[in-house]
Each structure stands twice: as C-alpha cells, then as structure tokens.
Amino acid sequence: MTTEEIQLNPQQQRLVDETDGIYVVDAGAGTGKTHTITHRYASIVEQPDVEPGDVLLVTFTRNAAEEMRRRIVRESSYSVRELKDAPINNFHGVANQLLNEHGHRTPEYLGIDTVLTSSTSVLENNTIEKQRFRSFYREFRERNDGYRELIQLIDDPSELLDLINNLASKGVIPTQDGWYQNGEQYIQGDWEEFKELFKELNEPTEGVHSPNQSKLKGDLSDYGDKLYTDDAPRCADVRGDEKSIPEHWAEEVFEEDREDLKAFLHDVYFGYLEYALQRNYLNFGFLQMLAYVLLCEDDALRRRVEYPYVMIDEFQDTSEIQFKLALLLAGDSNICAVGDWKQSIYSFQHADVENITDFESRIQRYKQELNRSGRRVTYEVSDVEKLELETSYRSTQPILEFADEGLLAEGSKREDLDEQAIRDEIVELTADTSQQDHSSIEAIAAPDDEEEAVLAKIQEIVEDPGYMVRDENDELRKPTYGDVAVFTRTRSWGRELLNTAAEYGVPVAFEGGIELYRTDQAKTVLAWLRIVDGEAERGWPVVLEELGYSLGEIEEALEQEEYPSDAVEFRDRLREVESVPAVVRRVLDRYGYNGGVADALLEEVESIRDQTEYTLGELAEYMADAVDDGTTVEVETDAGGDSVTVQTIHAAKGLEYPIVLLANVNERQFPSSGGGGGGALKYSDTYGVRQKKIYDDADGDPYIYTNWRYDVLRHVNRKSHDEERRLLYVALTRARDHLLLSAEQGRESEFLENLPVDVEEYVGEPEEVDGSSTTQTEFTVPPVTPDGPRVVAASALASHDFTETDTEVDVAGRRFGGREFGNMVHQYAEDYARERDSDRTIEPPREIADSPDIVHVEELADSLTGELHVEEEVYLPLEVDGEDVLVRGVADLVEVTDSRVRVVDYKTDRTRDAVEGYEVQVGVYRRVLGEVYPDREVEAELYFTAEGESVEVGVSDLDSLRDAAASRL
DNA sequence: AAAATTCTAGTTTTT
DNA sequence: CTAGAATTTT
C-alpha cells in the first residue's frame, strides 16, 4: 500500500461519510477503491446501533472477499474474531449459505419435491457438468420423441447447457407447468426495444450527396442466398426499392410461432434442474437461481435475513439475477454499488454492463419486476446518487489519458464511434504523482518475429537507464524483470512466448493455469488408467511407444496381446490398488514425474474424486473430455525470483505493474473478428430465444432450412467491439510508469492505428542468457500436440502462399467467378451420384484412423468396388520439413473397379501457382491409391473446366460435361 | 458514389 | 459458417 492511500481524499471521504441512501460509485482504475470500501464499511459498523452482521459486503471472488475481510480487520477497531462470521462474501457464497440454512425445501416452489440437503454439492467443474448434462440429455432424447425435429438440429448438447445457464443468469426460471414470474417475457423478447433498434438500423446512412441505403438493407444484400422454406419471402420483397427496407418486416420477423421451441426449452431446462437435484448437486447458475426463488417466496424469511446496509464491489461484473438478489437482500434503501463500467470484460460469464451504465433505470425496472406478485422491495429506489473517484494512485497522467483513448479506438474500418458520447461517459482521472517525465508510451512493430522482438525489448528495458520506475516513496529506481508484465489476448500466445523465452534463457513465468490434461504426464496417466480398466487397445500403444516400440511392433503386440512382463506386472499391481488417486500416484512415480504438473494432476484427481464417485474408467473418460475442452488448471508457477510475468488480460484484472507490455496487438487477434457462428438456438434480450434453422421432413426428405425470420432478425443484435475496447482499456490501465504495445509489422490491429501513438519498427533479437544464471518457470508448458500428426492440405505443399486468381464463365447468361463455377460443377457431380445411387446413402467415414499408417481410403476398398464415390478425402502420411503430417486431398470423384482406380478432380483455376498446387494434390491421390490398391491401375487426373481467362459455357455444355463425367465412370 | 459480390481468415476469455 | 474487408459492377 502506498502512503497516499493512508489518507482519504475528499471524494473517497464523501463516500465514507455518506452511508445512507443508494449510491453508484464510478471508481476507475487505481483510484483506491478497496481502500475506500474498507473505510466505508468500518464507518458504517462503528455507528452505535450497527453490528457487522447488519452490513452485507459482496465481492466477486472468494479471494477478494477474504482480502476485504483482512483489510477491514487491519483498518478498523474490530478483531478477526468479531468479523469471522460477518457477511463479507461473494454472490455464490451468499446464495449457498442461504440455501444451506433455510432453503431445504426451495425446489418445492418450482414444483420439484426433491429437498436440498447439507450434502448437496456445488459442481464447479465444467467438464464434469458437461458430462452430466450430456447423460441427462441422452435420456431426455429417448423419452421425448415429440421433439425429434429440434433434437435433430442440435448437434452439441453443451449449446443447450449454455443457453440454460444464460437464462438462469437473467432469472428466467422454469416451473413444473410454466415459467417462474415473468420469465416467459424474456423468452419472447422485447418488441418495443426490437422495434426501436430495427428502426435505428434501418435509417438511411449519410452519403456524400444523397442518403445511402440503411445498414440493415446493406446487411441483407445476401438474404436469399441460403436454403429457405417455401413460405420465405423473396429477397427483392424483403429489401424493397427504397433506401430502407419496408417497415412492416420488423413485426413480421419478430412475430413467430415459437410454441414448440418454448416447450422444448422448458422441458430440457426443467428436466435438467430436476435431474441435478435428484443427483444432489447444483451448478453455479442453479445455486443463485434457487436462492432467488427462496427470497422471493418466503416473505418472512426475507424480512428476517435482510440487511440494513448492502455494498457490492466490482458491480460491472454482476449479472441480472445478482442485481436482483442484492435488491432482495437489502432491507432499506442503503445500497452502494461500486465499479467501473470501463472494466466490464466478463460478459461470457453473464456479466451485464448495463447493470452499472443504466443503474438508475435498471434498479427501477427490477424493483417493478420483483414486486409484480407481491411487495418484496419496499424501499424507495428512485433517488440514486452518483459519486466519482477521480484520483488515480497507480498510473502517470500520460498513461491515464492514453488509456481513455483506448475506449475511443475503432476496431475496424467499418466502425463509427460517437466519440463525444463516449467521452461524456468517462470520468477523467488525475494522477496523484508529480513524477511523470520518466513515463513513456510506445508501440513497436516487429518485421519478422514478434516474440523475439518482445524479449529483446524486455532486455533493453532492464538494461537501458532510460526506463525508470517509481518506488513506494515515489522515487525513481531502475526496473528489474519482476517489474515487467506481458499481457496477451489469448493464452496460446503467452505460452509460445514462454517457450521462446526458454530458448534464450530470459526469465519469464506464465501465470494463470495450464492446459493440464494436454501434458505428457496426463497422457501417460490416461493410458495406464485405460490399461487397468481393460481398454487395452487405447492404452497400450501410448505406453509401448514410450518404451520405443515401432508402429508395427505395437500392432503386433496388440494382436498377440503380449506386452513386456514388467509392464504387465505393474498393471496387475495397479489393479490391486483401491483408490483412484493412489493409482495415479503410482503411475507418476513409475515415470519419475514429480514436478508442478504431476502435483497438479494428483490434486485434480483428488478433487474430482471428492466431487464425484468416479470409477477408474469414468476418470479416464473425464480426462479424455478435458483434453478436448482444453480445460485449464492452475499450477504453481514459481519462477523463483526476478522474472517477467506473462498473463492474459483477463487474468491481470485488478493487478498493476510498473511496466506493461501488451503484445500481439494484431489484426484479427485483437479485436478478434469472425467466429460467433454455429449453434442452432440463439438468445438475446431483444429478440428472445430463436431457432436459427428449421428441420423439416414433410416430404419424406429430411432437410434443414435456414429460418428466414432469424436471418433478418439477427442483424438487430450485431455485436460491436465494445467489450474488446474495454479489454484494451483494462490492459492499458494496469501500467504504472511505462506502457508498450507490440504487433507484427504489416499485421497491426486497427486498434493500434487508431491510438495516438507512433508505431515504430523494432528489430531486435534477444541476447542469449546463460540459463543457469537466470531463473525460469519451474516447469515449461509444452506446446499443444494434438493426438496424431497434423493434417495439411495437399495443395499447400506446392507453395505456402500460392494465390488463386479468378477465371470467369458465363452460364445461361449469368457470370460466375471461378470458384462458384467450380462449386456448380461439383454440385452436378453430386447430383449425378445421388441419382445413380438413390437407394443408397454414401457416408464416407470422416474420422482419421488412429494410426498414421492406416490410409483412410483403405477402409472403403472392398465395399466400394465398382462404385462411384463423391468427394472422397484421402490422407497420405508424409514427412514434410522433418515433421510427420497427414497430407489431405479431397477428390471430386473416385471410381474403384476390380482392375482400375480412377480419380477425377475438377478445377477452374489455371494460374501457374495453383496448377502447381493441384499437381501435387493429384500426385498425392496417385500415390495414396497406389499404396492401397497395389495390383490395380491407378489414374488420377485434373480436369479443367474453364480455359484461359474467360470461357463461354452454356447449359448444354454443362450437360455434356455431366455426360463426360458419366462416360468416364 | 453506392450497391453488390467475392474473398479471407478467424472461430477467445474463466468465477 | 460468419464478420468484415476488398473488389467489382452499376
């Protein structure tokens, strides 16, 4: 703690003094928020008629709650003992306690007769919950044949689980025969708001001379390109012939019969809640949800437990249900919400930034919703006082001002921010320090390797006297490695930096957990669990490979079921061991694994054992799922001394460093673009729950259509880069004295271009440091190696950056680019095949076999004789640049007869580079098929469908093309 | 200058 | 399978 913080400044003092009433406090980065809250708490509690038990202090994490308790003890007259049971807790803790003490029969309010018991546990592990949900959903599907159409649409059950959790975070709760309170409204969406947004988006945009078409109309230019049901209106009708699309579409897309969807959602949601309760567990969402129901239903209890004073920290991270819980827990209008909207970066955890930005209207709306069926919130909420903390004890003035610019930086060329409107929302901070000439802000662009440039820069920082930092007395000193933090957007970039740092011996520690289950140690443990469990084929290969067996030898051993005798002995001894953790321990011992990863693994297995009754086989299944999920686990990463901290921006929230280097500020990384797709169901506050696709097998031919209403509606909910800007802001405001941003030259993020800093080319290679003289992270995190070799495209072998240029063709008066034409040819080929094999469905197996020696096509060899195959994938194991890879080619047509194998690949692009790529691809076919069918003649050829720059192809030509394809086969 | 079409690279973050 | 940029057409 710095000396400045001992005294309270006038704004802080005001917050401490004014204890009665409703306050929203805008407490920016480094404004001494915790310190102030601590004092406010003490000041409330020191009133003669107030006890610690009267003040509810809610924080976001368990750690934050403990930290707060410690500081209150230190700064007030209360002792540890007196505050031991004081309600200083996180939301989940509050809910848990409430249910434990008073809530055993809560499920009854929803029509579920299971009781909560003291042994009901809170499932914290995502992978386990997904597993349980999956098994629930498996049963659900069998029981509910009526929902077949919706079930067909959903290929990943965890999509449903996400939706359920999202609804739970809003207080949308299912009951036996409907929805709790006004839950159904949320599912329906908000027509008024939708109309408003629709209108806004449909305003013509400003052109230089005359108005342009509206954003919405522009967005809908590709409407109609997808497969719609017959009742969908045509593109021209939807878009109309004005600058805006006809107004009536707003209502027509919003109004939709969603009764089946709602019923399905209800039954899944309610069914899973029952399922969890019967199995005696709750997830985070259910925990808060039940506490909410309890407080709503039991008026006497609510009055008994309510608190005269409520304070909530990190308010920008609260969800809707948490805000409502806080209102229910407050007995009077003494509520204090402290936070910083600019640091709201947890929307994926259901944080709703509008809780703080629209505090005044939200608190009124929520009160109204809570009082709809009873008087639950009795106090007045219309008088909300806003306070601001304006002095920052962390960053220098230039850094504070620069960080604000981060909130104004446009993330793409398309974005157009209302700068003034944003500035109006920002409370400008003033730095407390007078020292600031030493402070610097710079941006570097690395022409070749950004990681190396970052490391070189760090070495420069600790050696160059130009970078001075302030000590606790505000005096300047030279920085060390420990003063530097490197932030990244993604975990993976940080991990790579760590590897590069290890090469050069730069002391660097990665903080914030590793993907534990992807380590060699975990893989070995998994293999042994499988062996012990009797899954020989999945376990032994890993173990034997570690012993140096070749692939052939492994196959041989599996076939003969003959394994090395000491390994067999070890297996038999493991089978005698009773507890699962003990098995794991023995395996780790056998391999001499005893570092941080091994410890973490053991700890994990023990905690999983505590949470579930997993058998050995189930644990193996769990570990395999965790590999897929990329589950991360906190591991002790003691770099032992003076080292640079590497962490994600999310992990850095709440921390500060003298020198911050924000790395990988590259396009498409930060802000991340694209993505966001997938999933059959969508939810937004505005339009409610919607189905993206429609499954239909009315004509006996199952088909999935795009829901045309959704296709229009979704535009009204387009995401902007707001949260990414806040993430940028969080990163920038961690810095005390120096701020650096880095990117790859030529790939700089739009953010970087829009920040008021010159991006300078930085060429630098780190000096190699003798590893023994520096400290390294206790273990190095290995790069993620997916099981089996990497798959690369055949054409990529010809050149790493070959570019396709276009050829064009005219078909029936329409012009097609090369790609589109190629797709069309392809479609013809497929239609042809479908016609020919109408009574047979072709389902080529998509999975690559475990062993790289097994070529995929082989599995089809016998069954396919004499038949036509469309779009077959072939894989060829090759060594490329010293790495074993599977080279993938996708052939358009494959024909296999007793004497011959023929592959035809249609292409349109004849540019030199492309042809080169295709030739490699065809060579791959030739070779792979030659290996699979050694005694047959193998032909593989390219068939160019468009010559030169532009080719005229009429419909008749396509017919002849089809005939040609047919005659070849 | 505006609208339409095509191309490209991406698909995180973790209480 | 999508958002957003880039390019082409009107």
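Convention: sequence-line order gives letters A, B, ...; per-chain numbering from 1.
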Those stems involving DNA chain B that have three or more consecutive Watson-Crick or G-U pairs, both distances under 3.5 Å, are B:1-10 with C:1-10
Where the side chain of A:Arg239 is concerned, which of B:dA3, B:dT12, B:dA4 is the nearest nucleotide? B:dA4
Whether A:Arg234 and A:Asp237 form a salt bridge (side-chain N of Lys/Arg under 4.0 Å from carboxylate O of Asp/Glu) is what I want to check. no
Under 4.0 Å from OP1 or OP2 of C:dG4: is there any side-chain N or O of A:His721 that close? yes
Go through the structure and list residues passing side-chain contact (heavy atoms from CB on, under 4.5 Å) with A:Glu66, not counting sequence neighbours. A:Arg69
Would A:Phe348 count as stacked on B:dT12 if the rule is ring centres under 5.5 Å and plane angle under 30°? no
Look at all strands and tell whether A:Lys243 reaches a base, only sugar-phosphate, or nothing, counting heavy atoms closer than 4.0 Å. sugar-phosphate
Closest to side chain of A:Asn126, choosing from B:dG10, B:dT15, B:dA3: B:dT15
What residues form a side-chain contact (heavy atoms from CB on, under 4.5 Å) with A:Asn89, not counting sequence neighbours? A:Val94, A:Gln97
Students often get this wrong, so: under 4.0 angstrom with heavy atoms, is A:Arg726 touching a base, only sugar-phosphate, or nothing? nothing
Thinking salt bridges, do A:Asp317 and A:Lys653 make one under a 4.0 Å N-O criterion? yes
The criterion is side-chain contact (heavy atoms from CB on, under 4.5 Å); which residues satisfy it with A:Val58, sequence neighbours excluded? A:Leu56, A:Phe91, A:Ile312
Contact class for A:Thr490 vs. all strands (heavy atom < 4.0 Å): base, sugar-phosphate, or nothing? sugar-phosphate
Would you jot down, in residue-number order, the residues of residues 58-67 of chain A having a non-hydrogen atom under 4.0 Å from DNA chain B? A:Phe60, A:Thr61
Where each residue is assigned the nucleotide of DNA chain C containing its nearest heavy atom, which of A:Lys693 and A:Glu750 is assigned the position nearer the 5′ end? A:Lys693
OP1 or OP2 of B:dA4 under 4.0 Å from side-chain N/O of A:Gln213: yes
The side-chain hydrogen bond (donor to acceptor under 3.5 Å, both in side chains) partners of A:Ser749 (sequence neighbours excluded) come to none
Which of A:Glu450, A:Glu748, A:Gln745, A:Arg747 passes side-chain hydrogen bond (donor to acceptor under 3.5 Å, both in side chains) with A:Asn666? Answer is A:Glu450
Of the nucleotides B:dT13, B:dA4, B:dT15, which one has an atom closest to the side chain of A:Phe284? B:dT15
Send over the distance from A:Glu410 CD to C:dG4 C1', rounded to a whole Å. 15 Å
Taking atom C1' of C:dT2 as reference, at what distance in whole Å does atom OH of A:Tyr223 sit? 18 Å
At under 4.0 Å, does any side-chain N or O of A:Arg714 touch on OP1 or OP2 of C:dA3? yes
Under 4.0 Å from OP1 or OP2 of C:dT2: is there any side-chain N or O of A:Lys692 that close? yes
Would you please name every residue forming a side-chain hydrogen bond (donor to acceptor under 3.5 Å, both in side chains) with A:Thr59, sequence neighbours left out? none
Taking any heavy-atom pair under 4.0 Å as a contact, classify A:Gln349: base, sugar-phosphate, or nothing. base
Using heavy atoms to find the nearest nucleotide of DNA chain B for A:Thr648 and A:Asn212 separately, return the residue whose nucleotide is more 5′. A:Asn212
Please give, in whole Å, the distance from B:dT14 C1' to A:Ile345 CD1? 10 Å
Restricting to side-chain hydrogen bond (donor to acceptor under 3.5 Å, both in side chains), what partner residues turn up for A:Tyr223, sequence neighbours left out? none
Please list, chain by chain and in numerical order, all residues satisfying side-chain hydrogen bond (donor to acceptor under 3.5 Å, both in side chains) with A:Asn166, sequence neighbours excluded. A:His350
When A:Arg747 and A:Pro211 are each assigned the nearest nucleotide of DNA chain B, the 5'-most assignment goes to A:Pro211
